[in-house]
Number of protein chains: 2
Amino acid sequence: MSALNPSLSVDCVIFGLDTKEQSLKILVYERDIFPDENSGNKNLKFPGSLVANDESLDESAYRVLKELTGLKNICLKQFRAFGDPARIKYDEEREWSERHYGVKIDRVVTIAYYALIRIDEHNPDQKLIKDKLRWINIDDSDNLAFDHSYILAKSREALQQDFIFQNVMAFELLPKKFTLQQLQSMYELILGSTFDKRNFRKKIGKAEYIVPLGEKQNGVAHKPAMLYSFEKEKFEAGREGITTFFI
Amino acid sequence: MSALNPSLSVDCVIFGLDTKEQSLKILVYERDIFPDENSGNKNLKFPGSLVANDESLDESAYRVLKELTGLKNICLKQFRAFGDPARIKYDEEREWSERHYGVKIDRVVTIAYYALIRIDEHNPDQKLIKDKLRWINIDDSDNLAFDHSYILAKSREALQQDFIFQNVMAFELLPKKFTLQQLQSMYELILGSTFDKRNFRKKIGKAEYIVPLGEKQNGVAHKPAMLYSFEKEKFEAGREGITTFFI
DNA sequence: TTTGTTAGTGTTATTTTTACACTTACTTAA
DNA sequence: TTAAGTAAGTGTAAAAATAACACTAACAAA
């Protein structure tokens, strides 16, 4: 890898869907810049790093994610660049960065990516987890390092828009076999709204790429639910231009 | 202005709606790198420049746009960063850039913005126009400089998505007083599809922020059309979260 | 006064959306 | 073995949105 460019970084907002807890979390990296107990989340940042001069932005994002979290085979999506000259807020942060990367840091523009994964499937490297990485609930994530709270807000908007428009990733989030209730609550978590059960199922019924497996849950203390799976081929096939416009 | 950062640039894709010609154009800046007559559009690039170290990306985009085109008071939207290390394709391009900016150019990541304006309202600086700037039809814009054809393709996608989701800019594109036919053809041009006249008008009828002025066109060689205007306040008011999802 | 041109309008059939409540099948604990 | 608890699963009717479709009206110019 060639030299790191001191003006360019990538940051990865990894949304993790916790199907058990029914919550949406983010993966953060912990540093020890602010020793104060009451420093809130100021020590927490998204996994990110400077970009090497010979790699593309996408390559950089995947590399950095793998190096810092061990995560691979997940789909990162670039959603925006952040370049306020004052996005490094504290001297301590600048000093930490300079120590960490071994270069003089002036102003850094970061290219932000997000991904949406299932926590119980894509486990970050366990060793790293203990040391440095944590899943935190998205609702407990005020006041992150740098401008990372702002980045988080923007990433959520991007996620929701993309999710509505092209719910591709949706099915990466569920087990191969899933129940309609799991599917619905995934939609609700990500879009931050709720749907009527019957209407939701009616809509799902029309999607020929969501197929019942004729197989049921077992071991549950209630009526067992039918299991479904997602057929990627059928999905891709039926995916054409959307011409709707909203007035 | 402080020093230019040799790793960072902004580029502005300005879409111009030509209501007379009913066409969508882009504003390009002409250089003289490739003297060959048959160099196609290789001399044409979007207005863009390196970012100064003390300005934000947005500030930079507005500054550059104004310096290179004279355009101001238009709304630029950042839509993506482009950072392939090989996006400067030809030696001639690199040399031109180094001469032009007076710095050594290695790899440059560009943050791309787009805007959608009405050609007959926002005129670029006429002097610049003659020398360097041209509106070209979007259909005649293959093989632009650098990776600018790729940037163009991505900007169109972004424009269409944004237009569907938040048709804010829509009304920046029309005269204060407009006819429904003008409105419709703007929609059709941007979204690249056609709509039934009656159904379109039915839909418009429901939008309380599009108000008839009780005033008609005159001097036209046919039945004069009612003029309408767009009421921004009413529009903003009725703008809430969209919860639809597509399955 | 005729011709050419765009404006403007209504209905019907189909599809989509929304709101809403009870029975079924299983486990667990009494 | 029975009762209690829990989530699964299901249908209907009213309202709204969409889609397809063709003629008359008002003006300018020839």
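- Just one of B:Ile26, B:Asp18, B:Leu27 meets the side chain to side chain contact (heavy atoms under 4.5 Å, CB included) condition when paired with B:Trp135; it is B:Leu27.
- The residue B:Asn218 sits apart from the nucleic acid: no heavy atom pair falls under 4.0 Å.
- Per the geometry, CZ belonging to A:Arg201 stands 17 Å off P belonging to D:dT12, to the nearest Å.
- When only modelled atom types and interatomic distance are considered, B:Gln184 and B:Glu188 share a side-chain donor-acceptor pair under 3.5 Å.
- Not less than 6.0 angstrom separates the ring centroid of B:Phe146 from the ring centroid of B:Phe82.
- Aromatic rings from B:Phe46 and B:Tyr29 are positioned such that their centres are separated by 6.0 Å or more.
- Rounded to an integer number of Å, the gap from NZ of B:Lys202 to P of C:dT14 is 15 Å.
- Atom NZ of B:Lys197 and atom P of C:dT5 are 15 Å apart (whole Å).
- Look at CZ on A:Phe178: it is 20 Å from P on D:dA7, rounded to the nearest Å.
- A straight line from CZ of A:Phe195 to C1' of C:dC20 spans 18 Å, rounded to a whole angstrom.
- A donor-acceptor contact under 3.5 Å links the side chain of B:Arg198 to the base of D:dA22.
- Side chain of B:Asp196, nearest nucleotide from D:dC21, C:dA7, D:dA17: D:dC21.
- Of the candidates C:dT16, C:dG8, D:dT10, the closest approach to any side-chain atom of B:Ala225 belongs to C:dG8.
- Over its length, the helix from C:dT1-D:dA30 to C:dA30-D:dT1 turns its helix axis by 0°, as judged from the five terminal pairs at each end, rounded to 10°.
- Dashed line: the shortest gap from a side-chain N or O of B:Lys203 to OP1 or OP2 of D:dA17 is not under 4.0 Å.
- Each of C:dC20, C:dT6, D:dA8 was ranked by its minimum atom distance to the side chain of B:His222; first place goes to C:dT6.
- Side-chain contact between B:Gln217 and B:His222: present, with at least one pair of heavy atoms (C-beta onward) separated by less than 4.5 Å.
- Side-chain contact, B:Asp84 with A:Ser56: no donor N or O sits under 3.5 Å from an acceptor N or O.
- The base of C:dT27 lies outside donor-acceptor range of the side chain of A:Lys223, with no N or O pair under 3.5 Å.
- We find that CZ of A:Phe200 is positioned 17 Å from P of C:dT16, with the value rounded to whole Å.
- The interatomic distance linking A:Leu227 (CG) with D:dA7 (P) rounds to 17 Å, in whole Å.
- Here the C1' atom of nucleotide C:dG8 and the NZ atom of B:Lys216 are 9 Å apart, to the nearest Å.
- Ring-centre distance between B:Tyr113 and B:Phe79: not below the 6.0 Å cut-off.
- Sequence order on DNA chain D of the closest nucleotides to A:Asn199 and A:Pro224 puts A:Pro224 first from the 5' end.
- Residue B:Gln217 is classed as having no contact, given no heavy-atom separation below 4.0 Å to the nucleic acid.
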